[in-house]
Protein chains: 2
Amino acid sequence: MERWRPRSLRKDVRTIGYHHGDLRRTVLDAAVDAIGESGLDGWSLRELARRAGVSHAAPAHHFGDKAGLLTALAAEGFDLLAATLKQAGPDFLEAGLAYVRFATEHPVHFGVMFQPKLYRADDDAVQQARERAGALLAQGARAVAGSAAGSENTARAGWSIAHGFASLWLAGALTEPAGSDPVDAARPVLRRLLER
Amino acid sequence: MERWRPRSLRKDVRTIGYHHGDLRRTVLDAAVDAIGESGLDGWSLRELARRAGVSHAAPAHHFGDKAGLLTALAAEGFDLLAATLKQAGPDFLEAGLAYVRFATEHPVHFGVMFQPKLYRADDDAVQQARERAGALLAQGARAVAGSAAGSENTARAGWSIAHGFASLWLAGALTEPAGSDPVDAARPVLRRLLER
DNA sequence: CCCTGATCTAGTCATTGACAAGTTCGAGAC
DNA sequence: GTCTCGAACTTGTCAATGACTAGATCAGGG
């Protein structure tokens, strides 16, 4: 976009000089935007660099390579999910709705998180964040399972129905309930696991 | 791999001459293999061409571009899903298990199908195949929903739990039930939607 | 025998991911 | 104040890729 200028002339504009200030954050946000617009294939590290106004190799310093950037995205996603679940509390229905809310509010993170082949799933930050979110998920699952026999399967059922609804919604497969709020649409569906 | 040879010398090996015979099928299969091995990013049209032993531009003739190939894959996937559901019959549990079986037996197709941004979802072949599969899905859903009020939501719950279980299994998120058969693992989970 | 359309080859160009080497800059040591 | 050092970023480069164009080959019908 903007032509390169000598350092001295650039200093005046914010802190955008040789040191960007928070390039990592900026590139990460640009990636979310780009992927959200064009899908998981419609972006490149170089494009993100252009959006951020830095050289084509700058992002590599922070993320190494493309997989590294997606790894960071996944880790951030699990952290966001953990935060959302924590806020929802231990009730199953609330946890499930929070899960759906997270997925629809952060569709790019959600999409990356559950495609381990896209990133380095064995990364430390990812694993730790995943465990934090997993613990909170288990908590919500226990609420519906109680301590009855087969509680494992009930927990899996809870996770599956929330995850499935969110995935199908994001895929545009549930167009019939119209463009209403996904969380409202999810409520009566998730309830089916409780009532009968 | 193999050097180019005049037509006369190549004819002896199968029907691999200027006309491959069934390049479309071959490339499609190669794509499934490649994506299965390296994920949705780890393949290229040129690599598929090399695997098939044709020039780097040959696949483009059949699919146009990368998205065209994935479009063909998605259409094939919906057809395969329809066939699997048809075989399972109208019972909800059987349909759900068939859904899971399809996803785990054709993980690449499944993964592509529900990421519309990767391909041309408005393609005719895709839409028709999607509708065929959708009709059979609705049939299985009706089995659990009956004609009660809120049957729409019950149907969505059925689809969600099957889709969610399949997705999580493929993502490696359900490692705890060990490497057992995914369909066996799904049975008690799907049942939770029926019993209580 | 030739014509036509489908299939595939060959050549090209801008773009990309990844890497190597050099430059700038901030912060702490002295 | 100056020196040093490491982190942040730039510049340059290369093989690989997607997409496009033009041309070659082949099969079948007239």
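Just so it is clear: chains get the letters A, B, ... in the order the sequence lines come, proteins before strands, and each one is counted from 1.
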Please check if the side chain of B/Lys66 supplies one atom and the backbone of B/Leu118 the other of a donor-acceptor pair under 3.5 Å. no

Closer than 3.5 angstrom, by distance alone: can the side chain of B/Ser38 be matched with the main-chain N or O of B/Ile35 as a donor-acceptor pair? no

Just the table, please: protein N/O against nucleotides 19-21 of chain D N/O, every pair under 3.5 Å.
residue : atom : partner : partner atom : Å
D/dA19  : OP2  : B/Lys66 : N            : 3.2
D/dA19  : N6   : B/Arg46 : NH1          : 3.4

Take atom [atom1] of [X] and atom [atom2] of [N], then tell me their distance rounded to the nearest Å.
{"X": "B/Leu69", "N": "D/dG18", "atom1": "CG", "atom2": "P", "answer": "11 Å"}
{"X": "A/Asp22", "N": "D/dA8", "atom1": "CG", "atom2": "P", "answer": "11 Å"}
{"X": "A/Phe63", "N": "C/dA18", "atom1": "CZ", "atom2": "P", "answer": "14 Å"}
{"X": "A/Glu47", "N": "C/dT15", "atom1": "CD", "atom2": "P", "answer": "12 Å"}
{"X": "B/His61", "N": "D/dA22", "atom1": "NE2", "atom2": "C1'", "answer": "15 Å"}
{"X": "B/Asp41", "N": "D/dT17", "atom1": "CG", "atom2": "P", "answer": "13 Å"}
{"X": "B/Trp43", "N": "C/dT16", "atom1": "CH2", "atom2": "P", "answer": "18 Å"}

Could you check, using the six-membered ring where one of them is a Trp, whether A/Phe110 and A/His106 have ring centers closer than 6.0 angstrom? no

Do the side chains of A/Arg120 and A/Asp65 get close enough for a salt bridge, i.e. N-O under 4.0 angstrom? yes

Residue mapping more 5' on DNA chain D - nearest nucleotide basis, A/His62 or B/Ser44: A/His62

Please determine whether a side-chain nitrogen or oxygen atom of B/Arg50 lies at a distance below 4.0 Å from atom OP1 or OP2 of D/dA16. no

Within less than 4.0 Å of OP1 or OP2 of C/dA10, is there a side-chain N or O belonging to B/Ser55? no

Work out which heavy atom in B/Val108 is nearest to a heavy atom in B/Val32; give both atom names and the distance. CG2-O, 3.6 Å

For B/Asp184, the salt bridge (Lys or Arg N to Asp or Glu O under 4.0 Å) test, sequence neighbours excluded, returns B/Arg187

